[in-house]
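Chain A is the first sequence line, chain B the second, and so forth, proteins listed ahead of strands; every chain is numbered from 1.
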Amino acid sequence: MAYPEFPNHDDFTAISKVLAGECEGEVTVRGWIYRTRSSGKLAFIVIRDSTGSIQSTVSKKNVTESSFDDARKALIESSVIVKGTPAKDDRAPGGWEIRASDFKVVHFAETFPITKDQSDEHLLNNRHLWLRSQSMVASLKIRSTVFKAFRDYWTENEFTEIQSPSFTTSACEGGSTLFNVYYDDEKEKTGQKFYAHLSQSWQLYAEATMFGLENIFTLAPSFRAEKSRTRRHLTEFWHAEVESAWMHNHQMMELEEGMIMHIIESVLSFNRKELEILGRDISVLENIKAPFERVTYEEVLDKLNSMGFDLSWGDDFGYKEEKALTQDLTSPMYITNFPREKGFYHRPDPNDPKSLVCHDLLAPEGYGEIIGGGERVWSPDELTDRIREEGLEPESYGWYLDIRKFGSVPHSGFGLGIDRTVSWICGSDHIKHVIPFPRTMRRTTP
RNA sequence: GCCGCUGUAGCUCAGCAGGUCAGAGCAUCCGGCUGUUAACCGGACGGUCAUCGGUUCGAAUCCGAUCAGCGGCGCCA
């Protein structure tokens, strides 16, 4: 295929600049055809780039005959280069249009499979194409801001970013949610087909790495084979985790609060346009205020029971309970002191051994849990006891127990579900809308 | 693991007390139109009704199985 001559990259103008009325004289924009309408002598071609979309008018009398034919023929998503004069015109969507003096098609698109009639399934099957949509682009820009804000916040607090392996043989969440990876050719030779699990969390590795660096964080995918078909679950999700030596639970909670506020403020500074595209009520985000409410598990039990639930000590909060707690909140809420059954690595409260020195952070508006964290068991003997208590084998945690034998210290950490956080900030009705290629129980393509 | 739902043209759907039931809109293609706003007007193209089996004189329609997908619960971030 022969491509037209290209102007230099720097010779192009971003569509957002044209829409802002910042351009004098002729401009050249490039992008993809978003909508097209034509009559015998005039074609309206709406072009989008990553910054916005603008209508160009291609008149038969102003361009060559072949350019006009191309403009009429080119289907949606064809890539094009348009040269012309910006003009303020109320008849144009967005108030500005480009009166074309030249119209080049770089590549004629085939019939685009996504039209105005869209089903969930069709959009997921065509995710590789749907990523071009305004709403996906807006969500992904916000997602990028959240990633950056997370990194900036912890870096500024003198935490070091580190990486842990995705292949592991240690489980830190329930064993039933582990994905297994196999070594195919080994399987044929030796029958030893199992290689590793996919990591559910960096935590065990973080606790080891912490002894050198003290304050660390990571941003990585975690994998959980939960058979969860809900608007809040992915089998592969992006996990933002932090671990800190000498840190107490309440100190970590204060830092997390600062992190959430930094993330919200960053999105409010950089992504107002994207929030508007997504239809998010910006005042809801502006009204988020620290400090967040802190309540104990026991207090939540009482509160829920007074709302008509029937819960007793040890019961978990399901989505119904979380929703009842958070749907009228304006800011996130901490729940602390969960029952000791919640996890072997959380440290039981010395003053109240039936509960743990730990916390969850629940996002408002019914979005529910986005953070789980707490203080870790740091005494080697206590950790061995706790592993046994949960019905697990201390032998399978060899190296993890080993790190406690050489100058163990109190420490705390947490995990933040980045996708859940973005979903909440975007006001999305499903977590799949805020990640480019969602991985769920029944979908691994595209 | 459990509950519910869906599968008919490229897309969105209608048709389902079994018998003019192979349909519409959009998309695509052809023609028309100098201001359209996911335009409008005329025409054309397009389907083994998910697959397999059963009931029946007759199945898109009823029954069963399978496959694929969607929503939710439990659990979690």
**Request:** Determine whether the aromatic ring centres of A/F317 and A/Y297 lie less than 6.0 Å apart.
**Result:** yes
**Message:** With the 90 degree cut-off around zero defining syn, does B/A17 come out syn or anti?
**Reply:** syn
**Request:** On RNA chain B, check which nucleotide each of A/H430 and A/G318 is closest to and give me the residue with the more 5' one.
**Result:** A/H430
**Request:** Please state whether the base of B/G25 and the side chain of A/D117 form at least one donor-acceptor pair under 3.5 Å?
**Result:** yes
**Item:** Spacing of the P atoms in B/A59 and B/G19 (rounded, Å)
**Value:** 11 Å
**Fill in**
Residue set satisfying side chain to side chain contact (heavy atoms under 4.5 Å, CB included) with A/K323, at least two apart, ordered chain then number -> A/Y319, A/Q327
**Complete:** In Watson-Crick or G-U wobble terms, with both distances under 3.5 Å, the base opposite B/G46 is none
**Item:** Under the salt bridge (charged side-chain N to carboxylate O under 4.0 Å, His left out) test, residues paired with A/R151 that sit two or more places apart
**Value:** A/E161
**Asked** Hey, are A/N215 and A/S244 close enough side-chain-wise for a donor-acceptor pair under 3.5 Å?
**Response** yes
**Between B/A77 (C1') and A/W202 (CH2): distance, integer Å** = 15 Å
**Message:** Return the pairing partner of B/G31 with a 3.5 Å limit on both distances, Watson-Crick or G-U wobble; otherwise return none.
**Reply:** B/C41
**Heavy-atom closest contact (A/R127 atom, A/I435 atom, distance)** = NH2-O, 2.8 Å
**Message:** For the C1' atoms, the ones on B/C3 and on B/G15, what distance do you get once it is rounded to whole angstrom?
**Reply:** 29 Å
**Request:** Can you sort out which residues in residues 435-446 of chain A have a heavy atom within less than 4.0 Å of RNA chain B? Ascending by number, please.
**Result:** A/R442, A/R443
**Asked** Could one point to a donor on the side chain of A/R420 or the base of B/C76 with an acceptor on the other under 3.5 Å away?
**Response** yes
**Asked** P atom, B/C73 versus B/U55: distance in rounded Å?
**Response** 42 Å
**Request:** Could you pull out all residues at least two apart from A/E257 that satisfy salt bridge (charged side-chain N to carboxylate O under 4.0 Å, His left out)?
**Result:** A/R294
**Item:** Spacing between A/E236 atom CD and B/C76 atom P, to the nearest angstrom
**Value:** 21 Å
**Watson-Crick or G-U wobble partner of B/C57, both distances under 3.5 Å** = B/G19
**Message:** Distance check, P atoms only: B/A50 and B/C16, in whole angstrom units.
**Reply:** 16 Å
**Message:** Below the 4.0 Å mark, does B/G71 have OP1 or OP2 next to a side-chain nitrogen or oxygen of A/R231?
**Reply:** no
**Prompt:** Can you check whether A/R232 reaches A/R420 side chain to side chain, under 4.5 Å on heavy atoms?
**Reply:** yes
**Message:** Between B/U51 and B/U8, how many Å separate the two C1' atoms, rounded to a whole number?
**Reply:** 14 Å
**Request:** Look through every strand shown and name the nucleotide pairing with B/G4 as Watson-Crick or G-U wobble, where both distances are under 3.5 Å.
**Result:** B/C70
**Asked** Roughly how far apart, to the nearest Å, are B/U12 and B/U6 at atom C1'?
**Response** 14 Å
**Item:** Paired nucleotide for B/A24 [Watson-Crick or G-U wobble; both distances under 3.5 Å]
**Value:** B/U12
**Message:** Measure CD1/A/I47 against P/B/U37 and give the value in whole Å, please.
**Reply:** 18 Å
**Asked** So do the side chains of A/E77 and A/R48 get within less than 4.5 Å of each other, counting heavy atoms only?
**Response** yes
**Item:** Spacing of the P atoms in B/C75 and B/G7 (rounded, Å)
**Value:** 32 Å
**Prompt:** What interatomic distance, in whole Å, is found between C1' of B/A9 and the corresponding atom of B/G23?
**Reply:** 10 Å
**Asked** Hey, does A/L124 reach any base, or is it just sugar-phosphate, or nothing, if we go heavy atoms under 4.0 Å?
**Response** sugar-phosphate
**Request:** Decide ring-ring contact (aromatic ring centres under 6.0 Å, His included) for A/F217 and A/W202; before the verdict, give the C-alpha distance in whole Å, the side-chain angles of both, and the deciding distance to 0.1 Å.
**Result:** CA-CA 10 Å; A/F217 71 93; A/W202 83 326; 8.2 Å; no
**Fill in**
Rounded to whole Å, the CG-P distance (A/D316 to B/A77) equals 11 Å
**Asked** Passes side-chain contact (heavy atoms from CB on, under 4.5 Å), A/F167 versus A/L198? Steps please.
**Response** CA-CA 5 Å; A/F167 289 138; A/L198 290 178; 4.0 Å; yes
**Spacing of A/D429 atom CG relative to B/C70 atom P, expressed in whole Å** = 14 Å
**Complete:** With sugar-phosphate taken as primed atoms, P, OP1 and OP2 and all else as base, the protein-contact string of nucleotides 27-35 of chain B at under 4.0 Å (heavy atoms; B, S, -) is SSS---BBB
**Message:** Under a 3.5 Å threshold, yes or no: a donor from one side chain and an acceptor from the other, between A/N271 and A/T145?
**Reply:** yes
**Fill in**
Here the distance between atom C1' of B/C26 and atom CD of A/Q118, to the nearest Å, is 12 Å
**Request:** Record whether the side chain of A/H122 comes under 3.5 Å of the base of B/C11 through a donor-acceptor pair of N or O atoms.
**Result:** no
**Asked** Which pairs with one or both residues in residues 353-374 of chain A pass salt bridge (charged side-chain N to carboxylate O under 4.0 Å, His left out), sequence neighbours excluded?
**Response** A/R280-A/E365, A/K342-A/D360, A/D352-A/K354
**Message:** In this structure, how many angstroms lie between the P atom of B/C70 and the CG atom of A/N126, rounded?
**Reply:** 13 Å
**Asked** Any side-chain N or O of A/R37 less than 4.0 Å from the OP1 or OP2 oxygen of B/A39?
**Response** yes
**Most 5' of A/T230 and A/I370 on RNA chain B, judged by nearest nucleotide** = A/T230
**Request:** Take the protein atom CZ of A/F237 and the nucleotide atom P of B/A77, then report the distance between them rounded to whole Å.
**Result:** 7 Å
